[in-house]
S.K.: 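Take this structure first; my questions come after.
Order of the sequence lines fixes the chain letters, A, B, ..., with proteins taken first and strands second; residue numbering starts at 1 for each chain.
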Amino acid sequence: MIDYLALMGDKVDNIPGVPGVGEKTAQGLIQGLGSLDAIYADLEKVRTLSFRGAKTMPEKLIEHREMAYLSYRLATIKTDVELAIAPESIHCGQPDNNRLRELFEDLEFKSWVKDLGDDNANSPAAIAAVSTPEENNSEPTSPAVPTDIHYDIISDKILFADWLKRLQQAAQFSFDTETTALEIMDAKIVGVSFAIEAGVAAYIPCGHDYMGAPEQLPIDWVLQELKPILEDTSKIKIGQNLKYDRSVLLNYGIELRGIEFDTMLESYVWNSIGSRHNMDDLAQNYLDYKTVTFEEIAGKGVKQLTFNQLKVEDAGHYAAEDADITLRLHQFFWPQLEKVPTLKSVFQTIEMPLLPVLSHIERNGTLVDAKLLGQQSIELGERLVQLERKAYDIAGQEFNLSSPKQLGVILFEQQKLPILKKTPTGTPSTAEEVLQELALDYPLPKVLMEYRGLAKLKSTYTDKLPLVINKRTGRIHTSYHQAVAATGRLSSQDPNLQNIPIKTEEGRRIRQAFIAPKGYKLVAADYSQIELRIMAHLSDDAGLLSAFEKGLDVHRATAAEVFGVGLDGVTSEMRRSAKAINFGLIYGMSAFGLAKQLHVGRNEAQQYIDRYFERYPGVQRYMNNIRALAHEQGYVETLFGRRLYLPEINAKNKNLQMGAERTAINAPMQGTAADIIKTAMINVQAWLDETQLDARIIMQVHDELVLEVAESQLVQVRTGLIERMSAAATLKVPLLVEAGVGNNWDEAH
DNA sequence: GTGGCGTCC
DNA sequence: CAGAGGGACGCCACT
């Protein structure tokens with residue numbers, strides 16, 4: 001049984017038998033003084049509490065660790081989802097988790113979830129149903145995949161010739177390359193697999209080199225034989241993440257052509273959030289088939305084998321299955337994509353053509369001055385030591401400045417500074433925002449802020465970037481991910497080149513290490529205010545449209561409207577506020593958020609917003625319409641027809657629902673911007689290919705393209721680049737592109 | 001592996 | 001009455 005349930009707003013110090021709690025209100029508190037079994041028996045009540053918005057539990061009230069853990073789980077807003085999904089997702093590490101896990105397993109989640117009535121909207125089953133396009137509901141899934149398929153392993157020229165002939169006769173086939181590494185520039189091919197129809201697949205091993213490996217066809221011969229069909233544009237290729245295969249083949253001088261269907265991108269365009277887009281998950285979700293995973297045949301961790309060390313028989317089944325499943329996934333996705341013209345178009349005119357462009361950019365890489373970064377690391381290291389000493393001096397003891405936990409003890413226990421904010425788990429926050437506030441009254445926070453800033457630069461950038469320079473090319477080759485961000489944006493990994501510092505002077509020094517080779521310059525071109533321009537277009541607001549048509553500084557224009565002054569009367573303070581309002585609108589921010597950002601009262605912030613909507617009524621109308629549309633259809637779209645499903649848009653839980661509404665407002669703008677720059681990248685690359693100009697795209701940062709350009713062709717390339725980026729979409733406002741030139745990335749801005 | 005924090009657009 | 005800013009990646013500490 002539950003001895004006490006404190007609801008939101010209850011005075012905590014009224015709790016019987018729990019003395020000395022200084023909180024004014026309970027943040028949704030479950031105080032169970034009974035045993036776990038008792039809690040379990042009363043689970044229904046506890047769940048009801050959790051939907052009152054309970055989130056955290058003050059530590060002082062915890063009697064047993066296991067209780068605390070259970071309470072925390074139950075009180076988390078995601079409770080139902082997490083409970084329903086899987087008890088194994090409960091992480092271990094707490095002393096009695098095994099016991100907890102047993103308890104959770106006993107709950108019979110499915111029936112329990114069903115009893116929740118309307119809250120069902122948040123269950124995984126409901127999410128899957130909502131997030132699957134309606135066209136899919138009536139659609140039969142592809143035929144079940146048999147589990148006992150035999151695939152050919154090709155080790156002799158007779159069987160090879162047989163398969164080559166079949167590939168030559170096929171109009172399309174799926175294929176996959178197996179390699180020694182994931183790093184594109186250095187990966188060596190170990191084998192290739194093909195599928196020509198569901199269940200008919202084969203693997204050609206040609207690089208397994210473990211002791212006692214069977215004789216295999218020589219790789220050079222195999223690739224020579226395959227080259228004509230791989231380079232044949234009319235031969236349609238299907239694959240999973242073909243950007244990788246294209247790159248690997250290019251290492252062997254083969255230019256993959258006829259890249260028409262990438263199942264990863266089919267899945268992404270079909271439903272960007274319905275599942276992750278790796279093959280194992282796709283097979284499970286859409287074919288109800290469990291694939292052999294790489295870990296299962298290669299092991300994991302440091303002892304994981306590379307593909308060349310795998311037994312040919314194991315590797316053969318794994319690789320051929322990959323090709324087989326890829327083909328089946330394509331047969332599942334494509335008929336459905338074809339039925340939705342907007343999605344088909346996003347797939348065929350944006351995502352597939354972008355694939356080789358990204359491959360080009362990755363392979364081009366970017367030149368980085370490792371020596372300069374090294375100097376900066378040393379310098380930063382010295383300054384960090386000084387700051388460390390200063391901090392120890394103020395605190396009167398040594399501690400790890402990088403540990404939020406140790407820092408919390410020093411600040412809030414030893415120095416007794418006020419706790420201004422807590423993290424989602426209830427520990428006192430030491431975030432920048434908090435330190436800034438505290439720095440007004442105390443000395444230590446300021447030192448910590450400076451330390452954090454510099455430590456970040458050193459550990460993330462100046463120390464790390466030199467380590468990822470490719471030995472052979474001398475350049476940094478990031479990996480762009482095309483199916484990660486739900487809105488349609490790209491992401492960049494290993495290293496992330498989309499979050500290189502720019503705001504502070506010290507940060508910009510890192511950009512100075514991104515350089516052009518001798519005889520070349522960097523050109524950085526970015527869309528000016530692209531998301532606000534898209535907002536003007538989508539909302540059709542006369543005032544906003546006119547501001548852009550007149551070429552006004554939009555934040556200044558907004559300030560003039562909101563504060564009721566002439567353009568000349570706008571102070572820098574007003575402009576700053578207007579800028580925050582503009583960005584806030586794009587993100588669906590509330591008066592509360594705006595107030596916090598601008599350090600003004602909530603009422604004042606609300607006045608700004610009211611005033612904004614008064615002056616730009618079209619924007620308000622658009623916001624209301626898009627919200628309503630999202631509720632009605634369960635998804636929102638970009639201008640190009642890309643969809644983002646919002647499974648939580650009609651959730652009973654208001655927080656989830658409001659979150660989904662914010663996404664509904666933001667996604668069309670962020671996503672349209674992504675569509676536009678992707679289109680621009682395709683057009684720019686096509687133009688560079690045609691003209692054979694001595695210029696290459698080396699980076700994309702959401703609204704910016706960076707090119708490396710021969711000095712002699714600077715003017716021509718810069719002009720052509722701006723033209724093509726501006727023309728990537730025709731909106732009701734012009735798409736302004738600004739392009740700078742320099743010897744390094746900082747200069748080019 | 002998770003949480004806290006910080007970098008970018 | 002609480003909650004109240006969209007999308008990413010990566011580092012460090014800690015378990």
S.K.: Looking at every heavy atom in both A:Ile649 and A:Gly634, which two are closest together, and how far apart are they?
M.R.: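 Where A:Ile649 meets A:Gly634 most closely, the heavy atoms are CG2-CA, 4.2 Å.
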S.K.: Under the side chain to side chain contact (heavy atoms under 4.5 Å, CB included) rule, collect the residues that match up with A:Ala486, sequence neighbours excluded.
M.R.: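 Only A:Ser272, A:Ile273, A:Leu644 meet the side chain to side chain contact (heavy atoms under 4.5 Å, CB included) criterion with A:Ala486.
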S.K.: With a 4.0 Å cutoff (strictly under), does any side-chain N or O of A:Thr427 reach OP1 or OP2 of B:dG3?
M.R.: no
S.K.: To the nearest angstrom, how far is A:Arg511 atom CZ from B:dC8 atom P?
M.R.: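 After rounding, the gap between these two atoms is 8 Å.
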S.K.: Name the closest nucleotide to the A:Met658 side chain, picking from C:dG3, B:dC5, B:dG4.
M.R.: C:dG3
S.K.: Walk along nucleotides 7-14 of chain C from 5' to 3' and tag each nucleotide B, S or - by protein heavy-atom contact under 4.0 Å, base first, then sugar-phosphate.
M.R.: BSBBSSSS
S.K.: At under 4.0 Å between heavy atoms, what does A:Ile502 touch on the DNA or RNA strands: base, sugar-phosphate, or nothing?
M.R.: sugar-phosphate
S.K.: Classify A:Gly593 by what it touches in the nucleic acid, base, sugar-phosphate, or nothing, heavy-atom distance under 4.0 Å.
M.R.: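 Touches sugar-phosphate only.
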S.K.: The side chain of A:Ala431 is closest to which nucleotide in this list: B:dC9, B:dC5, C:dA4?
M.R.: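 Out of B:dC9, B:dC5, C:dA4, the nucleotide with an atom closest to A:Ala431's side chain is B:dC5.
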S.K.: Would you mind classifying the nucleic acid contact of A:Lys654 as base, sugar-phosphate or nothing, using non-hydrogen atoms under 4.0 angstrom?
M.R.: nothing
S.K.: So, A:Glu351 side chain and A:Val346 main chain: donor-acceptor pair closer than 3.5 Å or not?
M.R.: no
S.K.: Under the ring pair (Phe, Tyr, Trp, His ring centres under 6.0 Å) rule, collect the residues that match up with A:His477, sequence neighbours excluded.
M.R.: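 Result, ring pair (Phe, Tyr, Trp, His ring centres under 6.0 Å) vs A:His477: none returned.
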S.K.: Under 4.0 Å, counting only non-hydrogen atoms across every strand here, what does A:Ile500 touch: a base, just sugar-phosphate, or nothing?
M.R.: sugar-phosphate
S.K.: Select base, sugar-phosphate, or nothing to describe what A:Glu432 touches, counting heavy atoms under 4.0 Å on all strands.
M.R.: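 Sugar-phosphate, no base atom in range.
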